[in-house]
*Asks:* 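One structure follows; several queries about it will come next.
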Amino acid sequence: MDYKKIADLLFKDISLTTDDILQRYPKRKLKSDQIVTRFAPSPTGYMHIGNFFQAFISYNLAKNSDGILYLRIEDTDRKREVQEAKGVIYEILDHYGIKFDEYQTLDGKDIGDYGPYVQSQRKDIYKVFAKKLVSEGKAFPCFCKKTEGKEDVLKLREDKFIEDDEKEYDPCRNLSYKEVKSHLDRGESFAIRLKTKNQGHERIKFTDLIKGELEAKANAKDFVILKSDGTPPYAFAHAVDDTLMGTTIVVRGEEYISSTPAHLELFEALGFNPIAYCHNPLIYKLGENGNRRKISKRYDPESNMQYFSENGYPVESVLEYLLNMINSGFEIWRKNNPSLSWKEFKFNVNQITTVAPIFDIMKLNDISKNIIAQQNGEELYKNWLNYAQKYDKDLALILSENREKYIKLCQMDREGLAKPRKDIYNYGMMKNYFDYIFDVPKNIEIDENDKVLANDFISKYLKTFQMPRSNEEWFADVKKLAQQEGYATDNKLYKQNPMAYKGNVAKACEFIRLALTGRKNSPTLFTIMQILGEQEVKSRLERGF
Ligand code: GLU
């Protein structure tokens, strides 16, 4: 067969050889334990938590081995404008501090020697390798008009291969030079397919760094390696790019395991050494019925990485939760090393979980509460303000115009305490959580029976009211008044004979708390009074119930 002639006919404009290309991508000079890995997202305008999970695993593997992490944008099958979608990817990676050693900047400058780092700019490279495969008889042009409906292809298949369900050989796999030429002369477009060497009964083994040795049916399908528009589907781009760019570990989702045999056949056909795979488990969620299901874009807002930034979760909270998912040893490490950065936590590729992690927002919130509890008031204020500047401009204005007041609020019950309050898990919740600071509480819930008592107690409290100078003073004032008014100051006595009292001191405090905050529970009332200021405290007390 005239494979070389066919290749030259199909790829008239490709004069470079694979050797020319291979010279452009020299082997990286690294020690054998330095990992080269990458994150290879498709610009969809959305970053799924599972994708970010991979990015984060790759980041850690490179970091822990003093290796290289690069970013490759896989945009070959994107018809629409991808610039905006790329922006989403860069923004999220940047937000989480995932830094790359090599990448292309948003304005198109390649940083690193193995670019272009955007696949749509590598089209000629794929053609050179496709041409080589055709010239060696390992790939062939296919003129089946797939785009004009599947039926054409199916019909052709039935004609030729109806008796064989083990393999999927394409009807065009043995076209002669003459046949190819006459198709081309008729102006027909073509795809390039791999001519599988397998018959359909072969099996192959391969090793996954997380899952160990796997065995599967070998590929026996003449699959497309170059579409009629000249772009490569994932498999071909993966084989060419990861080889040229010197990847030593491919981290990708376990949904790619089933196509790994096809990828391995491609590597062999191309004369490339296979690359180690690390197929990470997908992230699941528990459904209402208790069954687990993949976390999904459709049903779960937390599947979108933007959910966490929009709700103001600290970066470390999300990253630490993901580390928890990657390696269960992280939790113990964190307990033993409460003040170290998560970056100090090291793990190997074979320590990555094999069990599908289950996303649980409560767990994330717990981690996040601890992380926020470690911030001092000023830090918390700054982070809250940063968040508001992005997601709630009105709030940002209030916060920045009343800096001292809100720093005080953020300091409340946390600074200098051995056990700071652990109640806030993201910055987005703070406005609601402290709504009584921003606004007079409305529709306060209070028992009808208590209303008269409460109004009576509060009006007496107001009469002699002076802004307390300390927590002790404020409590002493209330206690004194409560006692005068017939509230029990000794709980034991109160319990023995509740009918003899209007209530206990705690009840009296509750009335004030309700009037000031609209809630039965709140952080220290003394501090809240200071934040509200004398004027506002009095006016809220005057309103009563
Ligand atoms: N673009 C592919 C994806 O987003 C990359 C998979 C890989 O990392 O190889 O799924």
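The figures here come from the full heavy-atom set of this structure, side chains too, leaving out hydrogens, waters and symmetry mates.
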*Asks:* Check this for me, if you would: do K382 and E379 make a salt bridge, where the nitrogen-to-carboxylate-oxygen distance has to be below 4.0 angstrom?
*Replies:* no
*Asks:* Working note: D392 + K431, criterion salt bridge (Lys or Arg N to Asp or Glu O under 4.0 Å); need CA distance, chi angles, decisive distance, verdict.
*Replies:* CA-CA 10 Å; D392 189 344; K431 190 170 160 192; 3.1 Å; yes
*Asks:* Please step through side chain to side chain donor-acceptor pair (under 3.5 Å) for the pair N280 and E254, ending with a clear verdict.
*Replies:* CA-CA 5 Å; N280 61 272; E254 66 186 6; over 6 Å; no
*Asks:* Do other residues, nucleotides or ligands put more than 12 heavy atoms under 6.0 Å from K346 NZ?
*Replies:* yes
*Asks:* Any Lys/Arg nitrogen of E542 or K538 sitting under 4.0 Å from an Asp/Glu carboxylate oxygen of the other?
*Replies:*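 Salt bridge flag = no for K538 with E542.
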*Asks:* Can you tell me if CG on N521 sees more than 12 non-hydrogen neighbours from other groups inside 6.0 Å?
*Replies:* no
*Asks:* Kindly compute the distance separating CD1 (I367) from CD (E316), expressed to the nearest 0.5 Å.
*Replies:* 12.0 Å
*Asks:* To the nearest 0.5 Å, tell me how far I531 CD1 sits from E404 CD.
*Replies:* 11.5 Å
*Asks:* Closer than 4.0 angstrom, basic N to acidic O: yes or no for K507 and D450?
*Replies:* yes
*Asks:* Quick one: does S470's side chain have a donor or acceptor within less than 3.5 Å of a partner on E473's backbone?
*Replies:* yes
*Asks:* With rounding to the nearest 0.5 Å, note down the distance linking CD in E84 to CG in L106.
*Replies:* 11.5 Å
*Asks:* Counting only heavy atoms not in Q484, do more than 12 sit closer than 6.0 Å to its CD atom?
*Replies:* yes
*Asks:* I'd like to know whether R38 forms a salt bridge (Lys or Arg N to Asp or Glu O under 4.0 Å) with E102, so could you lay out the CA-CA distance, the side-chain angles of the two residues, the decisive distance to 0.1 Å, and finally the verdict.
*Replies:* CA-CA 9 Å; R38 80 304 191 265; E102 299 169 14; over 6 Å; no
*Asks:* Hey, is the main chain of Y256 close enough, under 3.5 Å, to the side chain of T260 for a donor-acceptor pair?
*Replies:* yes
*Asks:* Would you check if the side chain of S368 reaches a backbone N or O of N365 as a donor-acceptor pair within less than 3.5 Å?
*Replies:* no
*Asks:* Are the side chain of S522 and the backbone of R519 linked by a donor-acceptor contact shorter than 3.5 Å?
*Replies:* no
*Asks:* Are any of the side-chain nitrogens in E331 or K363 under 4.0 Å away from the carboxylate oxygens of its partner?
*Replies:* yes
*Asks:* Would K297 pass as a cation-pi partner of Y46, given that its NZ or CZ must be under 6.0 Å from the six-membered ring centre and within 45 degrees of the axis?
*Replies:* yes
*Asks:* Is K492 paired with D490 through a side-chain N to carboxylate O contact shorter than 4.0 Å?
*Replies:* no
*Asks:* Keeping D101 on the side-chain end and L69 on the backbone end, is there a donor-acceptor pair under 3.5 Å?
*Replies:* yes
*Asks:* Please evaluate residues T37 and Y70 with respect to the criterion side-chain contact (heavy atoms from CB on, under 4.5 Å), reporting the C-alpha separation (whole Å), side-chain torsions for both, the decisive distance (0.1 Å), and the verdict.
*Replies:* CA-CA 7 Å; T37 185; Y70 70 87; over 6 Å; no
*Asks:* Is the closest basic N to carboxylate O distance between R252 and D242 below 4.0 Å?
*Replies:* no
*Asks:* Does F438 have its ring centroid less than 6.0 Å away from the ring centroid of Y406?
*Replies:*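 Between Y406 and F438, which both carry aromatic rings, the centre distance is below 6.0 Å.
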*Asks:* Is there side-chain contact between L516 and M529, with heavy atoms separated by less than 4.5 Å?
*Replies:*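 Yes, side chains in contact.
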*Asks:* Return the orientation label for the W474 and Y461 ring planes: parallel under 30°, perpendicular over 60°, tilted otherwise.
*Replies:* perpendicular
*Asks:* Start with the C-alpha gap between R513 and E510, add the side-chain angles, then the distance that decides, and say whether salt bridge (Lys or Arg N to Asp or Glu O under 4.0 Å) holds.
*Replies:* CA-CA 5 Å; R513 191 181 302 277; E510 188 183 296; over 6 Å; no
*Asks:* Flag this pair as yes if the NZ/CZ of R72 is under 6.0 angstrom from the six-membered ring centre of Y117 and inside a 45 degree cone about the axis; otherwise no.
*Replies:*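 Verdict for Y117: no cation-pi partner in R72.
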*Asks:* Please report the C-alpha distance between I73 and Q104 in whole Å, then the side-chain angles of each, then the deciding distance to 0.1 Å, and finally whether the side-chain contact (heavy atoms from CB on, under 4.5 Å) criterion is met.
*Replies:* CA-CA 9 Å; I73 300 292; Q104 188 175 94; over 6 Å; no
*Asks:* Is the ring pair F434/Y436 parallel, tilted or perpendicular, if the boundaries are 30 and 60 degrees?
*Replies:*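 Rings of F434 and Y436: perpendicular, as their planes differ by over 60°.
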*Asks:* Roughly how far, to the nearest 0.5 Å, is the CD1 atom of I92 from the CE atom of M47?
*Replies:* 5.0 Å
*Asks:* Assess the pair F475 and F526: is the distance between their ring centroids shorter than 6.0 Å?
*Replies:* no
*Asks:* Nearest 0.5 Å please: distance from the CG atom of L93 over to the CE atom of M305.
*Replies:*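 Here the interatomic distance stands at 9.0 Å.
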*Asks:* Would you confirm whether Q34, through its side chain, and K31, through its main-chain N or O, come within 3.5 Å as a donor-acceptor pair?
*Replies:* yes
*Asks:* Would you call K390 and E91 a salt bridge, using N to O less than 4.0 angstrom?
*Replies:*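 Salt bridge: yes.
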*Asks:* Do Y381 and W384 have their ring centres less than 6.0 Å from each other?
*Replies:*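 No, the ring of Y381 stays outside the 6.0 Å limit from the ring of W384, centre to centre.
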*Asks:* Determine, step by step, whether C278 and I352 satisfy the side-chain contact (heavy atoms from CB on, under 4.5 Å) criterion, reporting the C-alpha distance in whole Å, the side-chain angles of both residues, the deciding distance to 0.1 Å, and the verdict.
*Replies:* CA-CA 9 Å; C278 162; I352 296 172; 4.0 Å; yes
*Asks:* Is there a donor-acceptor contact under 3.5 Å from the side chain of N402 to the main chain of I398?
*Replies:*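 It does hold such a pair.
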*Asks:* Ring centres of H95 and Y313 under 6.0 Å apart?
*Replies:* no
*Asks:* For Y321 and F359, run ring pair (Phe, Tyr, Trp, His ring centres under 6.0 Å): C-alpha distance rounded to whole Å, both residues' side-chain angles, the deciding distance at 0.1 Å, then the answer.
*Replies:* CA-CA 9 Å; Y321 183 41; F359 183 89; 5.5 Å; yes
*Asks:* Just wondering, are more than 12 heavy atoms of other shown residues or ligands nearer than 6.0 Å to OH in Y103?
*Replies:*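 12 or below, so no.
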*Asks:* With under 30° as parallel and over 60° as perpendicular, where do the rings of Y96 and F52 fit, or are they tilted in between?
*Replies:* tilted
*Asks:* Could you tell me whether the side chain of R293 and the main chain of G287 form a donor-acceptor pair under 3.5 Å?
*Replies:* no
*Asks:* Using only atom types and a distance under 3.5 Å, with no angle test, would you say the side chain of T247 pairs donor to acceptor with the backbone of I249?
*Replies:* no
*Asks:* For W342 and Y59, take the angle between the two ring planes, folded into 0 to 90°, and tell me which bin it lands in: parallel under 30, tilted 30 to 60, perpendicular over 60.
*Replies:* tilted
*Asks:* Within the supplied structure, the quantity of interest is the number of heavy atoms (other residues, nucleotides, ligands) at a distance under 6.0 Å from K211 NZ; does it exceed 12?
*Replies:*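 Above 12, so yes.
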*Asks:* Start with the C-alpha distance between D75 and S120, add both sets of side-chain angles, then the distance that settles side chain to side chain donor-acceptor pair (under 3.5 Å), and finish with yes or no.
*Replies:* CA-CA 6 Å; D75 60 344; S120 57; 2.6 Å; yes
*Asks:* Can a side-chain donor-acceptor contact be found between T524 and D413 if the only test is distance below 3.5 angstrom?
*Replies:* yes
*Asks:* Tell me, with the steps shown, if E255 and K294 meet salt bridge (Lys or Arg N to Asp or Glu O under 4.0 Å).
*Replies:* CA-CA 12 Å; E255 72 269 27; K294 268 184 233 159; over 6 Å; no
*Asks:* When the aromatic ring centroids of H263 and Y234 are compared, is their separation below 6.0 Å?
*Replies:* yes
*Asks:* For D107, does the CG atom have more than 12 heavy-atom neighbours from other residues, nucleotides or ligands under 6.0 Å away?
*Replies:* yes
*Asks:* Apply the test side chain to side chain donor-acceptor pair (under 3.5 Å) to residues E344 and N337: give CA-CA distance (whole Å), side-chain angles for both, the deciding distance (0.1 Å), then the verdict.
*Replies:* CA-CA 10 Å; E344 303 295 321; N337 302 281; over 6 Å; no
*Asks:* Taking the basic N atoms (NZ, or NE/NH1/NH2) and the acidic carboxylate oxygens, is any pair closer than 4.0 Å for R403 and E378?
*Replies:* yes
*Asks:* For a 4.5 angstrom cut-off between non-hydrogen side-chain atoms, does D300 reach I49?
*Replies:* no
*Asks:* Measure from the ring center of F345 to the ring center of F330 and say whether it is less than 6.0 Å.
*Replies:* yes
*Asks:* Looking at CD of Q496 and CG of N491, how far apart are the two atoms once the value is rounded to the nearest 0.5 Å?
*Replies:*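 Between atom CD of Q496 and atom CG of N491 there are 10.5 Å.
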